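The structure under discussion appears below in the form of structure tokens.
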Amino acid sequence: MRIVLLGCPGAGKGTQSKILAERYGLEHVATGDLFRAEIAAKSPLGLKVENYLKSGTLVPDATVVDLVASKLDGLTRGFLLDGFPRTLEQAQSLDKYLSKNKAGIDLVLYLNMNEKEVMRRLTSRRSCPKCGELYNVISRPPQAEGKCDKCGADLVQRPDDSETTVKKRLMVYDDLTRPLVAYYRSQSDFHEVDGAQPVETVTEQLTSIVDSNRGAAR
Ligand code: AMP
């Protein structure tokens, strides 16, 4: 199964992708996480993309497409793309890449959420720098304040989750990524889910869509 998970920053893509990838044995390709790992490792790619992430703007298409292709090359199981594609050019490059291998996207899942809720969620988001677990001080607080439930490390706020950078990221989303909703709605097996619902409800709805898609493919 090849799945694209679409949605604005803060709509819950990271949380839901991790759950779905584990449940269905899919490779989870999250471009934002990959870039953050490169930045932390101070690799040449990390140094190249650092300022884009800091300012909430998009990394150039060619760089992202190369990175994703390197993750998909030779992959023998299905995958779930989280945070990619983010522009029409990236979506078209992905289509070309897959059609070379006589494949395509099976399912596009769109997590929809209004801007006010996104702002509230993103500025209250926290993550564990050690194991990657995600929290939210309002909707999913850790058991002990500021500490990861899984590994006990001190939780951090992503530098690009400050109010100013979130505003910038939402503008970028509206301009460059939102057009992908129409693109995929018109040509793919496209499903929209309300991302503002409780995490468990969103998961239930997403898994029921994936299950019926798998059933239909059999
Ligand atoms: P995310 O964790 O998905 O919110 O991504 C964090 C940041 O990584 C974004 O604000 C961009 O700077 C960069 N990024 C992640 N995915 C992409 C992509 N597909 N295209 C361009 N930039 C990206």
Side-chain angles (χ1 to χ4, degrees), residues 1-41 43-46 48-50 52-53 57-111 125 127-129 131-134 158 160 169 172-173 176-177 180-181 183-184 187-191 193 195 202-203 206-207 209-210 213-214 217:
M1 234 183 337
R2 293 170 290 265
I3 303 179
V4 166
L5 189 59
L6 270 186
C8 64
K13 296 191 300 298
T15 304
Q16 298 296 339
S17 303
K18 282 191 184 126
I19 298 171
L20 293 180
E22 194 168 323
R23 179 163 178 154
Y24 297 104
L26 301 169
E27 181 81 11
H28 177 203
V29 180
T31 41
D33 288 351
L34 293 169
F35 286 136
R36 279 184 289 278
E38 296 288 339
I39 292 169
S43 71
L45 176 60
K48 189 169 153 188
V49 302
E50 193 167 13
Y52 294 103
L53 274 87
T57 52
L58 293 187
V59 171
D61 289 335
T63 307
V64 192
V65 168
D66 283 353
L67 175 71
V68 173
S70 75
K71 294 286 159 192
L72 300 185
D73 278 342
L75 200 65
T76 49
R77 58 178 178 160
F79 57 78
L80 192 160
L81 298 176
D82 161 11
F84 178 92
R86 251 176 160 105
T87 64
L88 271 177
E89 287 70 21
Q90 291 179 17
Q92 285 159 351
S93 300
L94 175 66
D95 287 345
K96 255 191 227 153
Y97 174 88
L98 293 175
S99 69
K100 261 195 260 160
N101 300 309
K102 301 205 172 13
I105 294 297
D106 300 310
L107 198 55
V108 178
L109 303 170
Y110 171 46
L111 286 181
R125 180 157 84 167
S127 62
C128 174
C131 72
E133 191 66 6
L134 300 172
R158 268 171 54 171
D160 58 348
R169 288 164 65 203
V172 169
Y173 174 81
L176 300 172
T177 311
L180 290 182
V181 173
Y183 178 80
Y184 282 122
Q187 62 166 46
S188 302
D189 190 359
F190 179 97
H191 298 264
V193 168
V202 175
T203 306
L206 292 174
T207 49
I209 295 165
V210 176
N213 178 277
R214 290 169 94 206

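Just so it is clear, the model here is predicted, and its values are computed rather than measured.
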*Which value, rounded to the nearest 0.5 Å, describes the distance between Ile105 atom CD1 and Phe79 atom CZ?*
4.5 Å
*Could you check Val64, Leu58, Asp61 and say which one makes a side chain to side chain contact (heavy atoms under 4.5 Å, CB included) with Arg86?*
Leu58
*asked:* I'd like to know if the side chain of Thr87 and the backbone of Leu176 have a donor-acceptor N/O pair within less than 3.5 Å.
replied: no
*Just how far is it from atom CG of Leu107 to atom CZ of Arg2, taken to the nearest 0.5 Å?*
11.5 Å
*asked:* For a quick test of reading the model, state the closest non-hydrogen atom pair linking Leu80 to Ser17 and the distance between them.
replied: CD2-OG, 3.6 Å
*Could you state the interatomic distance from OH (Tyr52) to CG (Asp160), rounded to the nearest 0.5 Å?*
15.5 Å
*asked:* Please check this pair: side chain of Arg77 against backbone of Gly25, looking for a donor-acceptor N/O pair closer than 3.5 Å.
replied: yes
_Over 12 non-hydrogen atoms of neighbours within 6.0 angstrom of NZ in Lys71_ = no
*Give the C-alpha distance, both sets of side-chain angles, the deciding distance and a yes or no for side-chain contact (heavy atoms from CB on, under 4.5 Å) between Val29 and Leu75.*
CA-CA 11 Å; Val29 180; Leu75 200 65; 5.6 Å; no
*Test side-chain contact (heavy atoms from CB on, under 4.5 Å) on Asn101 and Leu72 and set out the steps.*
CA-CA 11 Å; Asn101 300 309; Leu72 300 185; over 6 Å; no
_CA sep, side-chain torsions, deciding dist, call: Leu134, Lys18, side-chain contact (heavy atoms from CB on, under 4.5 Å)_ = CA-CA 10 Å; Leu134 300 172; Lys18 282 191 184 126; 3.8 Å; yes
_Could you check whether any side-chain heavy atom of Leu180 comes within less than 4.5 Å of a side-chain heavy atom of Val4, counting everything from C-beta outward?_
no
*When you measure from the side chain of Lys13 to the backbone N and O of Asp82, does any donor-acceptor pair fall under 3.5 Å?*
no
*Sub-4.5 Å side-chain heavy-atom contact between Leu34 and Leu45*: no
_Side-chain heavy-atom pair Val59, Thr31 within 4.5 angstrom cut-off_ = no
*Answer yes or no: is there a side-chain heavy-atom contact under 4.5 Å between Leu6 and Leu109?*
no
_OG1 on Thr177 to CZ on Arg169, rounded to 0.5 Å_ = 11.0 Å
_Shortest non-hydrogen contact from Pro85 toward Leu94_ = CD-CD2, 4.2 Å
_Hydrogens and angles aside, do Asp106 and Asn213 bring a side-chain donor and acceptor to less than 3.5 Å of each other?_
no
*Can you list the steps and then say if Phe35 with Leu67 is a side-chain contact (heavy atoms from CB on, under 4.5 Å)?*
CA-CA 9 Å; Phe35 286 136; Leu67 175 71; 3.6 Å; yes
*asked:* Just so I know, are the side chains of Ile3 and Leu20 near enough to count as touching, which here means a heavy-atom distance under 4.5 Å?
replied: no
*Mind checking the CD-CG spacing from Gln16 to Leu111? Nearest 0.5 Å is all I need.*
6.5 Å
*Of all heavy-atom pairs between Ser43 and Glu38, which one has the smallest distance, and what is that distance?*
OG-OE1, 2.5 Å
*Measure across Gly104 and Leu98 and return the closest heavy-atom pair with its distance rounded to 0.1 Å.*
C-CD1, 3.9 Å
_Criterion side chain to side chain donor-acceptor pair (under 3.5 Å) on Asp73 and Tyr97, from CA distance to verdict_ = CA-CA 10 Å; Asp73 278 342; Tyr97 174 88; 2.6 Å; yes
*Hey, what do you get for OG (Ser188) to OH (Tyr110), rounding to the nearest 0.5 Å?*
14.5 Å
*Given side chains that start at C-beta, do those of Gln187 and Asp95 come closer than 4.5 Å, heavy atoms only?*
yes
